[in-house]
Every structure is written in C-alpha cells, then in structure tokens.
Amino acid sequence: MNAPVASATSMQTVCLTVNGRSETVTVEPRTQLADILREHLDLTATHLGCEQGVCGACTVMVDGKPTRSCLMFAASCEGATVETIEGYKGDNLMDRLRVAFRTNHALQCGFCTPGMLATARDLVERLEEPDEMRIRHELSGNLCRCTGYVGIVAAIAQVIDERKALGIAATGKPRSPRPETTGFSPFEAAISDRPAAANVSSGTVTIENGWSVVKREVNLRHSPTMVWKHFSDLEAVAECLPGATLSEHDDSTFAGHIGVAFGPIAAKFEGEGTYNTDNESRAGTVAGRGKDRGGQSAVEGELSYIIRPASGDPQASIVDVRLRFRIQGMLGQFNRPELVNGFVDYILGEFVANCDSVLSGGEVRESRGISPFAIIRAMVGGRLKSLFRWN
Amino acid sequence: MKPVPFAHSRPAKLTEISSALDADNAKLIAGGQSLGPMLNLRLARPSTLIGLSHLTELRSVRLDGATLFIGAGVTHAQIEDGDSDVDLPPMLRHVARNIAYRAVRNKGTLGGSLAHADPAADWVTAMTVLDAVLVIANGREKKRREPMSGFMEGAYRTKLQPGEIIVGVEISAAMGEAHWGYEKICRKVGEFADAIGAIVIHPGLQYARVVAGATEGPPILLNDIARAIARTAKRPALEEIDAALAAHLPGADRVKRQLLKTALSRAIAKVIP
C-alpha cells in the first residue's frame, strides 16, 4: 500500500474516498490531490490558483478538515476521505451555506467559491458565535478578488446563527480569555550569556529600483598585497567558493557554474560575465548573468570591490564589497529580501574562511555541503570569482 | 506549476527513516506546507520524498515528570485546539492559532517547522523563548538533545546532521504558569511575519527571556533586556530596546528595527501592566 516506489517515474496506485465513492487512481507520485480530483476523477470544481498554499482556491475537506489540495501529494492521499464541492450530498450546513452565499451576494466570478465554501463549512461547524472579526481572521487564507468579503462574511455569520437556532453545538474548542496581567515582583534572573556569535553582520541590504543592493565589509588577516595577489588569481579564488567551477576565462571574460543548496532549495547556475580590475587601486568590478535551467530562474548582477589596508595593522586588509543583483523566474517569486543579509553573511563567512586558510598556506576547508541562496551565491560567487581573476 | 518527478516513500517505522535518507537527494516531508510550495515552484527538486505525516509515533503529547513532550508530528491545529490529554501552555495555543491559515495548520507540523528553520516561522521563536530542547534521532544511535537556542544557525540552516530527524520538543511543564507575551507583525494575517517579539518570565524558576524573531537569521536573545525586566519588574524604555536591537542587528534597516521594537514592546506590555 504505502510501499516505496522504485523510481521517480514509476506510477503509484492510490485508493481514496471522494464524495462518498471509493476511487482508485494510478498516478505519478508528484501528482497533487487537486490534480487527482481534476484530471483523474473529472471533479473540476476544485480550482487551482497559486499552487503555493496562499490563495485557498484549492481548499477541500480531507478527513473532515479543510486542506490545501495543491500541497498534498499522491502518497499522502492513500486512505483519505475527501469531500469536494461536487459532494456534500444531504449536508445540512453546506446546503444552508449555498443558499446564504447566493442571497448574500457572496460570489461574483466564482473562482474562489469552492475553496471558500470548504473553509466556510469548517467555520460554521467550529465557531461558537458569528463574530465578524474572528470570521475575517479565519478567512485570511482564502482570497476573493471580487466581493470584498462583505457578502462572504455575512453568509457565514448567517449560517452560524442558523446552526445555533437548530440547536447544533459548535465543535471548536472554546478559547479561554487571557487573564488580566498581574505583573510580578522583581527577582534576579539566572541567565547565562553564551559567547556572542563570532561574526556580527556589518552590512546593509537595500532595494533600489527593483535591484537588491548588498554592501559589506570583509576583514582578512593578511596584507593587502597578499590579498590582492590571491584575488587576482581567478582559479584560486573560485576554489574558495564552495560549489563554484570555472569553465573558462580570459583576461576580461569568464564562464562557469555554481551549485547551491540552501535548505531544500537547490540550484545550479550556469553563466558568463565580464570583469575588470585595477591593479593601482586594488579595485575591481564583475558583471554577469546566469540561468538555473532546472528551476527556470535567472539572475543578473554586478559586484564591485576594493581592497584597502586595515588601520593599524599592516598584516590585515579590509575588502569593501558592493553587490547589486536581481532574480527573475521562480526564485524571484520566492524572493525574501530580509533573508539576504543572513545569506550573504554566511557565504562571505565561508569564503573568507577559505581565503584565510589558503592565504595561510593551507587548503580549502571541507565544505559543510550547505551553501546559501542560489542567487546570491551565484552573484557573489560569479563575481568574487571573477574578481579574483586578474592576472 | 508542478513539481519535478520524485519517488515518495512512507516508511512504516521511525527507525527506517535514516536508511531511507541514504537515497541520493532524498528529503523528509512532514505536513509539506513549507516544502510543498518549494516543490511546486521547483525551487526544491529532490529525487525522493520520505513522508512522515502518517507516523503516529511522532504525534504523542505527554508529561514525563516535570517535562512536557510534544511530538514533532503534532500539527499546529492540534496545538491551537489543545487537542491532547495533557494541558498545553497557553502561550503555545496562542502562537499556534496565528500560524498561517487553518487549512495549513491542519497539515503543518511542529517538527517540520523547526527543521525547515524559516526565520519568520513562529515555532522557531516561540520554542527559543520557552527554552525548549529538541529531541533528535538518527535511527542508529541513541537520541540526542539540542537546546532550541543555538539549534538554528541561519535561515534554513540548523544543527541537524544528515540522517537525523526531530522526534519532538521538550519544555519545562512549569512554563504553563509563566508570564508570557508573544506579538507578531504581518502585513496580512497569515503571511510571513515581518517581526516577532516574545517574552517569558517565571520568577519561581528565576527565568526571564526576551527574544526578537523574524530577523534575517536565528531568533535573537536580548539577555540584558530580560535581566533588567526581571530586576525591576518594569517595562524598559523604547530607547533601550532599540539600542539592544541595534547592537545585535547593526545591518538591519530602520523599518525592520522599528517593527521589531514595536513587536517587543507590545509583548512586554502583556507581561507588565
């Protein structure tokens, strides 16, 4: 039944109950419940909107609970009892909701309605009182672009009242009100401070005309001459970037790829670009673009850097880095700018540690196998790489 | 969009998970409410998914002496409803009910959220402020324990090693009587948090912790603020909170800091009238 499948392409047979009927479908493991319903059982009233769990259009009842059918894959459907808007035969509350939606003008185009009704059915059953704030709060996971929600909220409130009039108790656990704050008497807290994190982030991330701009200061415990020498050996530098491979380069262009694994996100960016360096000022600029074919994402950006001596220590350098980039495609949709800072810190940390190690006569440390955000990595990677390749 | 093709196994027992994880490019999936969107967007392209949501052994909630154990497979909705034989700390129920949406809470799990380690996720911050300890297994050796503060290393990065799985979370049962405040700021109900402020005070345990969450990385412990609050039983000045945030997040922009400061001061106001 739940036996592991042999290969990614082999089919999986799934038995489930839909609207009271036993169904058996043979599908690819990647098939979402929504597609089992729509493509294999011809139950097309379940709509797919965002396929990211945000819009709520695909919400159906699974084992009596509203569930995103776009986020449930075939294997998880085994043995499930599913109710879609084609079902609910003889369901008193759903019958009342259908009437209430009609009379309260709770739909216009109707795209959100199947998911909206699944959520509404759950609310009508769970909520003790037709509290408008609570209903609106609970409806936040179902987007409607037509009605402004007024009619939907009214319809749900109406059916909650009807349910109460019928003497049917709510099933939701009551929420006990929070007791008033009483305060406390002063006391000495036992707090042990752990040592502060080694690297406190010192950079900034801003958004300028749709481009993310990261500015950072990187410290290296080697003289500017040494650092510049290292940075001007493109191949040596590429080696310090975990996952990066340089396929070709001349004195102003480069090509290569960089593999990134950031949490569950994996990407391999292939790209090319140009770079120039100024031996006098120990400054350089790298520009490039790359594509992650498997993920249909693209990144482009520009990295500039300048190496200067650290004050008071001739054996130390500071690299000022400015990275300007933008991501398009699927990764762009996922863009979480607030995470960029941490990623860049992490990447630079890994890179700096490797550079430090190599400059001290050692080898590139073993990668922990995790490297950050595809994009940034590609950018920083591409750039830093090329930065380094001035010779 | 649809995910890339993958195999999807559902091992019958927890002890089979580690060997299943030996498969090339395998990924654990519990409720799938964070990984699912990444699969559908093809940001994540595993060859094999190893399902956990059917494992009842991950779903227990129990009291072991003075320690409350919550299984990794317990859903947000179960915590929201207090759907267990053991009373859950009121703070957990409050946090759970404001995670995403009910349809997501019906599937998403505590352990999945902690392993995913999105900085904006509620449990990462809530379990840090409660000084929770994660119970981690790898199927071959004994279970190990890892404090939540320190478990997360960065966005989507944790101390979980290859082949390891979070089995559950341990919290001191006394936390049920703690003074607590938990406030998050979102642009829309259910969206990723822009800022989270959390405080837990338990004079009997000499416990005081203040945490800023939904930053660029792991939740931040503001120990000086916590000490001062315990010592004075008064709210700190906004400037003090701001200065503490500036010290920990020198690169954060003004808007972020303002949001964190607001979330923290609201949370503290829940504890100190």
Side-chain angles (χ1 to χ4, degrees), chain A residues 2 4-5 7-9 12 28-30 51-53 56 59 65-68 70-76 119 122 137-138 140-141 173 181 183-191 193 200-206 262-266 294-296 330-331 333-334 338-339 341-343 346 370, chain B residues 1-10 27 32-33 35-38 40-45 47 51 53-54 81-82 100-104 106-107 116-117 119 150 154-157 179 188-190 201 203 206-208 216-217 223 226-227 230-233 250-251 253 256 270-273:
Chain A
N2 292 334
V5 290
S7 79
T9 49
Q12 209 159 20
E28 280 189 275
R30 62 169 162 166
E51 293 186 82
Q52 299 173 46
T59 308
K65 294 172 182 173
T67 302
R68 301 289 201 234
C70 72
L71 298 182
M72 206 171 155
F73 299 108
S76 312
T119 298
D122 177 57
H137 188 100
E138 297 267 0
S140 62
K173 300 276 164 58
T181 309
F184 55 90
S185 304
F187 66 101
E188 204 58 40
I191 300 174
D193 287 299
V200 175
S201 114
S202 59
T204 60
V205 179
T206 51
F262 176 53
I265 300 172
Q296 301 178 7
M330 288 299 159
L331 263 171
Q333 280 196 33
F334 180 71
E338 74 275 16
L339 301 188
N341 225 3
F343 294 155
Y346 174 72
I370 331 170
Chain B
M1 200 159 144
K2 310 300 176 189
V4 295
F6 53 71
H8 192 162
S9 69
R10 302 214 298 167
K27 182 85 187 92
Q33 303 299 293
L35 184 57
M38 287 184 173
N40 286 350
L41 287 169
R42 298 199 175 191
L43 295 176
R45 292 177 299 236
S47 318
S53 57
H54 60 293
D81 294 347
Y101 321 110
R102 181 75 184 185
V104 171
N106 280 332
K107 285 284 168 196
H116 186 62
Y156 306 138
R157 287 187 293 118
H179 303 272
K188 166 187 167 290
V189 172
I201 302 276
Q206 291 178 287
Y207 183 87
E216 67 197 28
N223 285 347
R227 251 186 227 106
R231 194 174 293 142
T232 61
D253 67 29
K256 186 76 178 181
K270 293 277 191 234
V271 170
I272 301 170

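Order of the sequence lines sets the chain letters (A, B, ...), proteins ahead of strands, with each chain counted from 1.
Annotation: maximal heavy-atom pairing with chain B below 4.5 Å, among E188(A), M72(A), E138(A), occurs at E188(A). The choice from G53(A), G56(A), G183(A), S185(A) that makes the most heavy-atom pairs within less than 4.5 Å of chain B is G183(A). If you tally non-hydrogen atom pairs under 4.5 Å between each of A44(B), A208(B), G36(B), P273(B) and chain A, the highest count goes to P273(B). If you tally non-hydrogen atom pairs under 4.5 Å between each of T59(A), L71(A), T67(A), T119(A) and chain B, the highest count goes to L71(A).
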Exercise. When you look at L35(B) and H116(B), which way does the side chain to side chain contact (heavy atoms under 4.5 Å, CB included) test go after all the steps?
Worked result: CA-CA 8 Å; L35(B) 184 57; H116(B) 186 62; 5.8 Å; no
Exercise. Side chain to side chain contact (heavy atoms under 4.5 Å, CB included) between D122(A) and K65(A): does it pass, once the steps are laid out?
Worked result: CA-CA 7 Å; D122(A) 177 57; K65(A) 294 172 182 173; 5.9 Å; no
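In this structure, the separation between CZ on F73(A) and CD on Q12(A) is 12.0 Å, given to the nearest 0.5 Å. For the atom pair S140(A) OG and K188(B) NZ, the distance stands at 5.0 Å (nearest 0.5 Å).
Between the side chain of R30(A) and the backbone N or O of P3(B) there is at least one donor-acceptor pair closer than 3.5 Å.
Aromatic ring orientation, H179(B) versus F184(A): tilted (interplanar angle from 30° to 60°).
Heavy-atom distances place the side chain of K27(B), and not its backbone, under 4.5 Å from chain A. Proximity to chain A (any heavy atom under 4.5 Å) is shown, for I272(B), by both the backbone and the side chain. The contact between D81(B) and chain A is made by backbone and side chain atoms together, counting heavy-atom distances below 4.5 Å.
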